[in-house]
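Bear in mind that the values here come from a model prediction, so they are computed numbers and not experimental data. The chains referred to below are lettered A, B, ... by the order of the sequence lines, with proteins before strands, and numbering in each begins at 1.
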Amino acid sequence: MFTDLAAPADSPLLENLNPEQRAAVTLPAGNALILAGAGSGKTRVLTTRIAWLLQTGQVSPGGILAVTFTNKAAKEMMTRLGAMLPVNVRGMWIGTFHGLCNRFLRAHWKLAGLPSTFQILDTQDQLSAIKRLMKQFNVDDERFPAKQTQWFIAGAKEDGLRPRDVEARSDDDRKKIELYQLYEEQCQREGVVDFGELMLRSYELLRDNDPVREHYQRRFRHILIDEFQDTNRLQYAWIKMLAGNTADGRFVPGDNSVVAVGDDDQSIYAFRGARVGNMADFVREFEVSHQIKLEQNYRSYSNILDSANELISHNKKRLGKNLRTDQGPGEPVRVYESTSDFAEAQWVVEEMRQLMRDGIDRKEMAILYRSNAQSRVLETALFNAAVPYRVYGGLRFFERAEIKHALAYLRILENKDDDTSFLRIVNFPPRGIGARSIEALQDAARAAGRSLHDAVSAVGGKAGGNLSAFVAKIDVLREQTQGMSLREIIELVLDHSGLIEHYKADREGADRIENLEELVNAAESFVTQEGFGRDAVALPVDELRQSSVSQGLDPNRPLLDEPLAPDAETGETLSPLAAFLTHAALESGDNQAQAGQDAVQLMTVHAAKGLEFDCVFITGLEEGLFPHENSMSDYESLEEERRLMYVAITRARKRLYLSHSQTRLLHGQTRYNIKSRFFDELPEGALKWLTPKNQGGFAPSAFGYGGGYATSRGAGSSYGRETFASPPVPPQKAAPSHGLRSGMQVFHNKFGEGTITALEGSGDDARAQVNFPRHGVKWLALSVAKLTPVT
DNA sequence: CTCGCTGAGATTTTT
DNA sequence: TCTCAGCGAG
């Protein structure tokens, strides 16, 4: 099954590739799976393969379809490809699943049953649309929280299911399906699509329209998919539509080649619909003839790599892969146990300062954690030590409220029926249109079956007056902006909407105004980058046509290659404004406010995927946190936690630090945590314990790992924020007043000897959960039960 | 309309 | 404990 690694034809592109990489780059036509370990040069292989296919004349640029998950990955691929070959990368179908589906739907909007100006709802918009819907139909939001409905709808779409396809197992299900149906109708009426809809609509159009499907099947000779382990059911089905035929329900691979690149060990998005099983299905259904493993790691020293390998070997469901490196062992992986999360943070900062003294750049140091809430303590410690840091995550540029407001104005210009946008701005800035007027308007709109914008004339009275003024303002703006450049449109809207004025009056509005000005810049650079200049559009088409001719392909077939995705029949393209709005929805922008600065990097493990640093600190390695308590109960999600840990470890190039804390302030309570089981799954030889192993008297093996943590009110007060001034506290000080600790062996007069598995409360309320070998697990009030430590 | 209170919820997240 | 959404009072 595995491909012969004989050296293929020479090409400068193939220089400096190892045999596996080279084999992957030069795979013959046919379907293939590339198992690419962390740091194995996956992106390089993917891009080089595209370049090689083009260079050897096996395919024209138009015959390539390369799909990624993030805009960042897509951009990187295009940049690298552009550096390898003098080819117009913008015109190629390289992009995210959603970006490509958008392009496809823009070209075939009519066939897809969409208005040509359809706009995209992001997650926020989707939630507010659902809330609005549920209010309208008087759905009990106690029983059906809007968030849950959103989750349900998105989940269904990820599985490729329309309301009628969803199986109802309960009355609640039936209600949710009904809401899903109503939501769909609302979106259709308003001319908007959510992220899931982009995928699902595209899939359905391919499935139901033979000429369209056949056209694209003929066209995309080579399909390449990055991060295949993260694909969901629908995305996999979409690929099948492009790559083969599903006549009479059975899939038969087509003539085109599909190369899937992925790493099952790095699958960490099951919670949002990703299905690792797609990899195995792919091998079977696509009758994969070549599988290649990229196991040579170019990133980390072997102590780090061995740790990763050993850890992940505890997962049973794997395709099987072991990373290796030619680099030496390097530094040992350092492990630190602290008494409190404050002390842990303090230790991290101290270590970092030492690393800085050793000449390591701050931006080469990262602190990783399982959940966002953990960043706080770390931030405080860094702040107090005056170490510059940057936190990933949080609001992105296009998600900021003021930006969303401005975009809503712009969207309503483009599509007057977009009720979500209408509601967002109808009274922002405030113009005397309150809840009552809006309700009246909504009733009128529903009665007339029209959009809010169109229903305004039906509302009388003072409310009607204000509303009419608003709509008139919008209509005037729409008129005025005809023929204007994108920049002029935005400036005019910012001015006439009153947004700028509104924020000027606000004491804390300065940042918001700055962001709004940044929006103008974003639009400006969008125009230049996307090639909106008049001649910039024409050029790539010509080039492509020429290259098609030289490849002996039909020059007259429709070329849907321009970034603007013109209508497939008329060639009409979106207005710059509509294109920019699409861009804003599909690419929520950076959240790296001060990117480029030399600052320490803080992020969740999820956010770290795909990144690498010289020095990595993985903090909070405690049972209940990492692995997370919600994932400890079932085996599948525990394996995902382990993969998450694997991802975290493999981010480090030179040094890796692991830490856990005996206590942690969480939700305002002090939790007593035992160290993560993952420590027991690492090779002892690669580790160096900075604190004595198992210090603190507990023996994890004595009682297994069943939710061994407890909470205690007020116990955290003894480690105030002041402790930041002092060096790390020795572990002994953490014990609460009763002197008991998780893991301790204790004696009880009636039950005999047992192990403390959890502690909760303080003072008179203090309770301990004790596991007695003969009597099982008991909760004991410490004020009543006499527990004596066994020495 | 804005302010301030109350109560629920508090993994992970891209598009 | 903290945050944020939703709601009632001024």
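Between Asp122(A) and Lys404(A) there is a salt bridge, since a side-chain N of the basic residue sits under 4.0 Å from a carboxylate O of the acidic one. Classification of Arg272(A) and Glu158(A) as a salt-bridged pair fails, no side-chain N sitting under 4.0 Å from a carboxylate O. Between Lys75(A) and Glu587(A) a salt bridge is recorded (basic side-chain N to carboxylate O distance below 4.0 Å). Salt bridge present: Glu681(A) and Arg642(A) bring a charged side-chain N and a carboxylate O closer than 4.0 Å.
Each of Ile268(A) and Leu586(A) lies near DNA chain B, and the nucleotide nearest Ile268(A) is the one positioned closer to the 5' end.
Taking only side-chain nitrogens and oxygens, Arg396(A) comes nearer than 4.0 Å to OP1 or OP2 of dT15(B). At dT12(B), none of the side-chain N or O atoms of Arg643(A) fall inside 4.0 Å of OP1 or OP2 (strictly under the cut-off). Under 4.0 angstrom from either OP1 or OP2 of dT12(B) there lies at least one side-chain N or O belonging to Asn372(A). Distances shown here put every side-chain N or O of Lys147(A) at or beyond 4.0 Å from the OP1 or OP2 atom of dA5(C).
Using a 5.5 Å limit on the distance between ring centres and a 30° limit on the angle between planes, the aromatic ring of His606(A) does not count as stacked on the six-membered base ring of dT12(B). Judged by ring centres under 5.5 Å apart and planes tilted less than 30 degrees, Phe271(A) fails to stack against the six-membered base ring of dT13(B).
Here Gly434(A) lies in heavy-atom contact (under 4.0 Å) with sugar-phosphate atoms only. Within 4.0 Å of Phe97(A), counting heavy atoms only, lies no atom of the nucleic acid at all. Using a 4.0 Å heavy-atom distance criterion, Lys157(A) is classed as making no nucleic acid contact. Residue Asp194(A) is classed as having no contact, given no heavy-atom separation below 4.0 Å to the nucleic acid. No engagement by Gln126(A) is indicated, since no non-hydrogen atom pair under 4.0 Å with the nucleic acid exists.
One interatomic measurement links the two molecules: OH of Tyr269(A) to C1' of dT13(B), which rounds to 6 Å at whole-angstrom precision. The CD-P distance, from Glu399(A) to dT13(B), rounds to 12 Å in whole Å.
For the pair Arg643(A) (side chain) and Ser267(A) (backbone), a donor-acceptor distance under 3.5 Å is present.
Counting atom types as modelled, Thr123(A) pairs no side-chain N or O with a base atom of dT13(B) as donor and acceptor under 3.5 Å.
Comparing dT13(B), dT12(B), dT15(B) against the side chain of Thr96(A) picks out dT15(B) as the nearest. Closest to the side chain of Arg272(A), from the set dG6(C), dT13(B), dT15(B), is dT13(B).
Only the C1' atoms considered, dT12(B) is 22 Å distant from dA5(C), to the nearest whole Å. Comparing dC2(C) with dT13(B), their P atoms are spaced 22 Å from each other, to the whole Å.
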